[in-house]
Amino acid sequence: MTLVTEVVVDALWLCANALDEDARQTFAAVSLFPPSPNTFSESAALTIAKCDVKTLKQLVDSGILTDAPDCRYAVHRLVAEAGQSLADSVVKERFADYFARYAQAHADGTHAIGSEAANILASFEYANHGQQAAIAAGMSPLLELRGDYRVWTALLERATAEGEPTADLQLELARCAEKMGMNSQAEKHAQHGLKLADKTDLEVETELLAILGHIEMNMGKNNEAREHLTRAVTMSEQIGSNRILSRALRSLGVVTTRLADYDAAERHLRRALQIADQARDKAALATLWNDIGEVLSKSGLLEAALEALRSALDAARQIGYSEVEAAALEGCASVRIQEGNYDAAISSLNDAVAIARRIGHRWYLALILNDFGDVSAAQGQTLKALDYYSEAIEVGPPDTPDVRAYALFGKARVYSAQNRREESHTSARQALAVFESMPHQAASEVREWMEQQALTP
């Protein structure tokens with residue numbers, strides 16, 4: 001502690017000792033809030049400290065608190081450090097209870113959660129198992145939007161470690177692991193959650209089926225994914241959950257795209273889009289416009305695809321949805337590659353790869369590296385293209401075979417251009433075997449290319 005810090009702390013204790021008992025108790029309570037630039041609401045302070053507005057104003061006048069816009073307050077770091085030792089267990093329990101309830105009540109409202117995110121995370125330290133589970137679940141949508149998967153994982157793992165596993169927590173762990181590209185682990189969480197799910201809680205069971213289908217899709221188990229997602233669609237209709245229905249339809253649309261049934265895929269996605277629009281679910285709208293863009297691109301409707309992808313990009317940026325922003329940028333780049341507009345493709349890919357690296361999304365990172373490889377190959381930069389394809393194989397999640405197969409197919413085309421026929425044949429056959437095992441619509445593309453090159457499938 002520096003001399004200046006010691007002087008400030010001594011001055012704070014003088015101020016605190018001059019306060020009456022109610023103000024001292026309030027000082028202890030507000031010290032639990034994370035320090036400035038974080039702020040906290042007047043409502044939270046009144047509930048946790050069990051004080052009145054007059055007492056808060058007294059702390060402002062004494063310099064312990066500072067006013068912030070929108071009836072909020074802030075506490076300096078040194079004030080917080082000085083006052084925390086005064087906070088007893090009862091105050092800490094109220095702090096945890098307030099924000100656990102807040103997280104639970106606002107779980108679907110990322111703006112409301114976002115304004116209190118630092119305070120909610122701070123309350124986790126004082127929470128019991130039930131409160132920790134509520135906080136972890138409530139924070140999940142915001143942390144997913146921000147791409148803050150490490151914090152999300154840490155919250156969920158701590159909540160799980162403190163007590164018996166629940167179906168709800170297994171669902172969140174599955175969703176988080178899937179975002180991090182850990183699909184085998186995500187699959188285990190989803191399957192464990194289904195075993196734990198109370199048959200009377202059909203909503204949790206249905207959502208677990210939907211996420212399991214989505215994970216299986218990532219892992220190339222497209223037939224199993226379609227089966228589970230179809231069941232999830234039926235069950236969500238039966239229980240009247242449009243939120244789960246929209247998610248299940250979205251994943252079913254993506255699976256159907258990979259099975260090359262583009263008309264059915266677009267029907268599923270448009271239906272999900274209508275549900276999300278009625279619910280004003282901006283995150284779902286961003287995701288669905290991106291998926292529709294992919295279907296239109298696969299169908300050769302490039303201008304319509306770009307329009308959908310721009311809608312996805314705008315929606316993602318409005319709410320700070322990093323994953324979908326990267327996905328939409330990659331989608332735009334893919335369209336530009338089809339058009340032969342490589343400068344525009346590279347511009348989008350540079351933005352996309354920066355986001356994918358920042359949030360640690362390995363699947364999108366591998367997909368983007370494959371696109372870089374395609375651009376380099378098209379421009380005759382064969383060595384650079386091979387480097388990109390090799391990196392895509394290296395960084396891609398081991399249990400998501402499609403990005404690896406795309407990289408192998410890219411290598412096959414480059415080897416062919418270099419007259420390395422044997423290596424081209426080997427890479428193409430490896431790619432074809434992966435796509436056929438999934439199954440995946442790209443299998444026919446690889447098979448057709450091999451026939452053109454007079455290579456045996």
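The first residue of the sequence shown is numbered 1, and numbering continues consecutively from there. Just so it is clear, the model here is predicted, and its values are computed rather than measured. Below, each value reflects all heavy atoms present in this structure, side chains not excepted, and no hydrogens, waters or symmetry copies.
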Going through the checks in order, is the salt bridge (charged side-chain N to carboxylate O under 4.0 Å, His left out) test met by E224 and K221? CA-CA 6 Å; E224 295 95 325; K221 302 176 181 179; 6.0 Å; no

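- Classification of E294 and R250 as a salt-bridged pair fails, no side-chain N sitting under 4.0 Å from a carboxylate O.
- Note on R72 versus E42: no salt bridge recorded, every NZ/NE/NH1/NH2 to OD/OE distance being 4.0 Å or above.
- Looking at K411 and S390, their side chains do bring a donor and an acceptor atom within 3.5 Å of each other.
- Using a 4.5 Å cut-off on side-chain heavy atoms (C-beta onward), L249 and L269 make no contact.
- Residues that satisfy the side chain to side chain donor-acceptor pair (under 3.5 Å) test with S251, not counting sequence neighbours, are H214.
- Contact check for V434 versus Q430: no side-chain heavy atoms found under the 4.5 Å cut-off.
- A salt bridge between R413 and D374 is present, with a side-chain N of the basic residue lying under 4.0 Å from a carboxylate O of the acidic one.
- Checked against a 6.0 Å centroid threshold, the rings of F33 and Y73 do not count as neighbours.
- In summary, the side chains of N183 and W363 do not present any donor paired with an acceptor at a separation below 3.5 Å, with no hydrogens or angles considered.
- Here E172 pairs with R175 in a salt bridge; the nearest charged N to carboxylate O distance falls below 4.0 Å.
- Ring centers of F99 and F124: at least 6.0 Å apart, outside the cut-off.
- T206 and A232 make their closest contact through CG2-O, 3.5 Å (heavy atoms, listed as atom of the first residue, atom of the second, distance).
- Listed by chain and number, the residues in a side chain to side chain donor-acceptor pair (under 3.5 Å) with Q274 amount to none (sequence neighbours excluded).
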Go through the steps to decide whether E116 and S41 satisfy the test side-chain contact (heavy atoms from CB on, under 4.5 Å), and finish with yes or no. CA-CA 9 Å; E116 300 292 344; S41 69; 4.0 Å; yes

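- A salt bridge does not link E394 with R404: every distance from a Lys NZ or Arg NE/NH1/NH2 to an Asp or Glu carboxylate oxygen is 4.0 Å or more.
- A salt bridge does not link E436 with R429: every distance from a Lys NZ or Arg NE/NH1/NH2 to an Asp or Glu carboxylate oxygen is 4.0 Å or more.
- Between R101 and D97 there is a salt bridge, since a side-chain N of the basic residue sits under 4.0 Å from a carboxylate O of the acidic one.
- In the model, E203 has no side-chain atom that pairs as donor or acceptor with a side-chain atom of S241 under 3.5 Å.
- Ion pairing between a basic and an acidic side chain is recognised when a charged N comes within 4.0 Å of a carboxylate O; R243 and E207 show such pairing.
- Among T287, L273, D281, L288, the one residue that satisfies the side-chain contact (heavy atoms from CB on, under 4.5 Å) test with S246 is L288.
- Q441 and T257 share no donor-acceptor pair across their side chains, judged by distance under 3.5 Å alone.
- Judged purely by distance below 3.5 Å, without hydrogens or angles, the side chains of S36 and R77 never pair a donor atom with an acceptor atom.
- Counting only N and O atoms by type, the side chains of Q185 and H189 include a donor and acceptor under 3.5 Å apart.
- In this structure, E307 does not pair ionically with R310, as no charged nitrogen and carboxylate oxygen lie closer than 4.0 Å.
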